[in-house]
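Notes follow once the structure below has been shown.
Convention: sequence-line order gives letters A, B, ...; per-chain numbering from 1. Values below: all heavy atoms of this structure, side chains included; hydrogens, waters and symmetry mates excluded.
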There are 2 protein chains.
Amino acid sequence: MDTEPTKIPQATAKRLPLYYRFINNLHSQGKLRVSSKELSEAVKVDSATIRRDFSYFGALGKKGYGYNVEYLLSFFRKTLDQDETTEVALIGVGNLGTAFLNYNFTKNNNTRIQVAFDADKRRVGTEVGGVKVEHIDDFENKIENIKVAILTVPSNAAQGMAERLIEAGVTAILNFTPARITVPPHVRVHHIDLAVELQALVYFLKHYPLEDGEEEE
Amino acid sequence: MDTEPTKIPQATAKRLPLYYRFINNLHSQGKLRVSSKELSEAVKVDSATIRRDFSYFGALGKKGYGYNVEYLLSFFRKTLDQDETTEVALIGVGNLGTAFLNYNFTKNNNTRIQVAFDADKRRVGTEVGGVKVEHIDDFENKIENIKVAILTVPSNAAQGMAERLIEAGVTAILNFTPARITVPPHVRVHHIDLAVELQALVYFLKHYPLEDGEEEE
DNA sequence: CTTACTATGTGAAACATTTAACGACTTCTC
DNA sequence: GAGAAGTCGTTAAATGTTTCACATAGTAAG
Ligand SMILES: NC(=O)c1ccc[n+]([C@@H]2O[C@H](COP(=O)([O-])OP(=O)(O)OC[C@H]3O[C@@H](n4cnc5c(N)ncnc54)[C@H](O)[C@@H]3O)[C@@H](O)[C@H]2O)c1
Ligand SMILES: NC(=O)c1ccc[n+]([C@@H]2O[C@H](COP(=O)([O-])OP(=O)(O)OC[C@H]3O[C@@H](n4cnc5c(N)ncnc54)[C@H](O)[C@@H]3O)[C@@H](O)[C@H]2O)c1
């Protein structure tokens, strides 16, 4: 569990799944080795940043050679716990929820939406993307071991649902509603606020014109 | 256009739409004033950070009083160009694309999806969320003034479509595909990689257990 | 074996962002 | 109208992240 030598910076941790995916792609393509420069072009992260990120885990590469794809892949598979599947619950089978269920993060992935809940009786009992939709009132009985939830309910239901989730043992929530939910300190919430993302993009477009030569994240 | 005194930090710029939304809420609720502390609790951003963010735009508040909601709202409306609507095109009317069309970022918002495109002839001609779906081959004729595109096509079509978009004059892309696209320097791309977000959340859950007292973004 | 090349891993610098702390001014209360 | 309480705006410190640049060690080739 505490395999890490010391704590990895958060910025690095957020890039790990990205690295993993691209290393996986290289592996499928039969590539045997890769340099930080090549990887940099693929994932659009500065090559020095990649080397620094990798170096937090020790010396994964060889000087003058680069990184062995096979080794890198197996290292990240271990580090990202790709061998054990994490079960996820989805709350709110509306527009967004349905899209996620149909997708279900199946490829190259250790996460799977195991069960979905909705308040609308017409949806309950149906199956979307191979996942059964249960009624939200049965919810406490059906999530036993699940620690991670995706929240795609209307925003006015978000805080209340979050509290029920936490009460039932959930400790990580991916919140797609615009509501900023309040949770106890042991619970982790990541907000993905799509309207904000779009507006921020427009703001940048208008106020930070990219002159040639400037790049970004 | 260059109304800003000096360049605002990117981290601040990304929070502006969030502030705007909450100030808007307060205004609808009839609140007349608000302190950085109250706002902090609502948006989950440290109050010092909020004061610092606002201060980039000059002195918006009054000492000992806080901020006048009406004034703040009208200031941000101006700053975020909420009076002119930005037209957006959506490419790829699949699971995700359909969800976005049905939602269409209508509330409190200056962005609107004006037109959608798909390669599948069965979808063309239909209307989703009040937006007409056009065939991707008619695309160059129909986006005239549009500068912003949301990309929700399969990942193997992403790079090619991005190039066509840019060729047609698009300069900002919100990319939901896992592909990291390559674009010329004058084009801005924001990646929203949902699978990565979910995996990162799981990684944090397992490797960065939150002890009581720790909070985060 | 020797020489030329390559690409890592990292110290140090640069840059960006957040947080603490507090003086100054406003409002509120009596 | 005086004193207490409240809250901004900002200076300075702390923290976090990215990038530069290069010594070092391994590869590749003759
Ligand atoms: N669709 C988008 O593109 C989009 C974009 C940005 C933000 N969002 C946000 O994501 C959330 C979901 O959006 P959507 O478009 O899927 O909405 P939606 O209305 O289509 O879906 C919400 C679903 O939640 C169900 N629901 C309501 N209360 C519930 C409860 N207490 N427990 C369980 N289920 C409940 C409803 O029956 C419905 O099926 C909203 O908060 C929305 O603001 C959506
Ligand atoms: N659905 C999700 O929850 C989810 C999650 C993470 C990532 N993604 C990514 O988002 C993207 C879209 O996902 P989705 O589930 O909506 O896929 P989807 O297959 O349901 O939709 C893709 C749509 O794009 C259309 N299309 C294909 N080629 C096109 C082209 N050249 N021009 C225009 N349209 C074209 C297809 O006809 C289809 O309607 C994918 O890259 C996927 O990896 C989706």
Side-chain angles (χ1 to χ4, degrees), chain A residues 4-16 18-19 23 26 31-72 75-76 200 204 207-208 213-217, chain B residues 4-16 18-19 23 26 31-72 75-76 200 204 207-208 213-217:
Chain A
E4 275 73 52
T6 177
K7 277 250 176 98
I8 304 305
Q10 298 226 353
T12 297
K14 288 192 184 163
R15 284 188 290 264
L16 297 181
L18 184 62
Y19 294 148
I23 294 162
L26 292 177
K31 276 208 105 195
L32 297 178
R33 67 155 156 169
V34 64
S35 68
S36 61
K37 186 139 169 294
E38 281 176 278
L39 212 43
S40 170
E41 272 147 35
V43 301
K44 314 289 180 198
V45 171
D46 187 89
S47 70
T49 300
I50 293 177
R51 292 201 299 284
R52 166 83 62 211
D53 283 347
F54 286 9
S55 79
Y56 290 116
F57 298 97
L60 303 182
K62 276 211 225 134
K63 302 194 177 190
Y65 175 87
Y67 300 90
N68 179 293
V69 172
E70 184 95 32
Y71 178 73
L72 218 47
F75 181 83
F76 276 108
F204 278 115
H207 297 266
Y208 293 63
E214 209 184 326
E215 297 280 311
E216 35 94 49
E217 170 247 29
Chain B
E4 275 71 51
T6 175
K7 274 241 177 107
I8 304 304
Q10 298 225 354
T12 297
K14 288 192 184 164
R15 284 188 290 265
L16 298 181
L18 184 62
Y19 294 147
I23 294 163
L26 292 176
K31 277 209 107 196
L32 297 179
R33 68 153 153 169
V34 63
S35 68
S36 61
K37 188 140 165 295
E38 281 176 279
L39 212 43
S40 170
E41 272 147 37
V43 300
K44 314 288 178 199
V45 171
D46 187 89
S47 70
T49 301
I50 292 177
R51 290 202 300 282
R52 158 90 59 231
D53 283 347
F54 286 9
S55 79
Y56 290 117
F57 298 97
L60 304 182
K62 277 214 216 109
K63 304 193 177 190
Y65 175 87
Y67 301 91
N68 179 294
V69 171
E70 184 96 31
Y71 178 73
L72 218 47
F75 180 84
F76 276 109
F204 277 113
H207 297 266
Y208 293 64
E214 211 184 324
E215 296 282 310
E216 33 94 49
E217 169 252 26

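Under a 3.5 Å cut-off, the side chain of Y208(A) and the backbone N or O of K7(B) do not form any donor-acceptor pair.
OP1 or OP2 of dG9(D) lies within a sub-4.0 Å distance of a side-chain N or O belonging to Y67(B). Note on S36(B): every side-chain N or O is 4.0 Å or more away from OP1 and OP2 of dT7(D). When the side-chain nitrogen and oxygen atoms of R33(B) are compared with OP1 and OP2 of dC8(D), none of them lie within a distance under 4.0 Å.
Counting heavy atoms from C-beta on, the side chains of Y67(A) and L26(A) never come closer than 4.5 Å. Side-chain contact check for K31(A) versus E38(A): some heavy-atom pair is nearer than 4.5 Å. Counting heavy atoms from C-beta on, the side chains of F54(B) and L39(B) come closer than 4.5 Å. Under the 4.5 Å side-chain criterion, counting only non-hydrogen atoms from C-beta, Y19(A) is in contact with V45(A).
If you take CG of L32(B) and P of dT7(D), they are 15 Å apart, rounded to a whole angstrom. Atom CG in N68(B) sits about 14 Å away from atom C1' in dT26(C), given to the nearest Å. Rounded to whole Å, the distance from CG on D46(A) to C1' on dA14(C) is 13 Å. Rounded to whole Å, atom C1' of dG9(D) lies 18 Å from atom NZ of K37(B). Separating the CD1 atom of I50(B) from the C1' atom of dC8(D) is a distance of 13 Å, rounded to the nearest angstrom. Atom-to-atom, CD of Q10(A) to P of dT17(D) comes out at 7 Å; the value is rounded to the nearest Å. Spacing between atom CZ of R15(B) and atom P of dT17(C) amounts to 8 Å, rounded to whole angstrom units. For the pair F57(B) CZ and dG9(D) C1', the interatomic distance rounds to 15 Å; values are reported in whole Å.
The side chain of K62(B) lies closest to dT26(C) when the candidates are dT7(D), dT17(C), dT26(C). Out of dT8(C), dC28(C), dT19(C), the shortest distance to the side chain of T49(B) is found at dT19(C). Nearest to the side-chain atoms of R51(B) among the listed nucleotides dG9(D), dT17(C), dC28(C) stands dG9(D). Closest to the side chain of R52(B), out of dC28(C), dG9(D), dT18(C), is dT18(C). Distances from the side chain of S55(B) to the nucleotides dG9(D), dT18(C), dT27(D) place dG9(D) closest. Of the candidates dT19(C), dA24(C), dT19(D), dA24(C) carries the atom nearest the K63(B) side chain, counting heavy atoms from C-beta on.
Both G64(A) and E38(B) sit near DNA chain D, but only E38(B) has its closest nucleotide nearer the 5' end. Judged by closest nucleotide on DNA chain C, L60(A) is the one of A11(B) and L60(A) placed further toward the 5' end.
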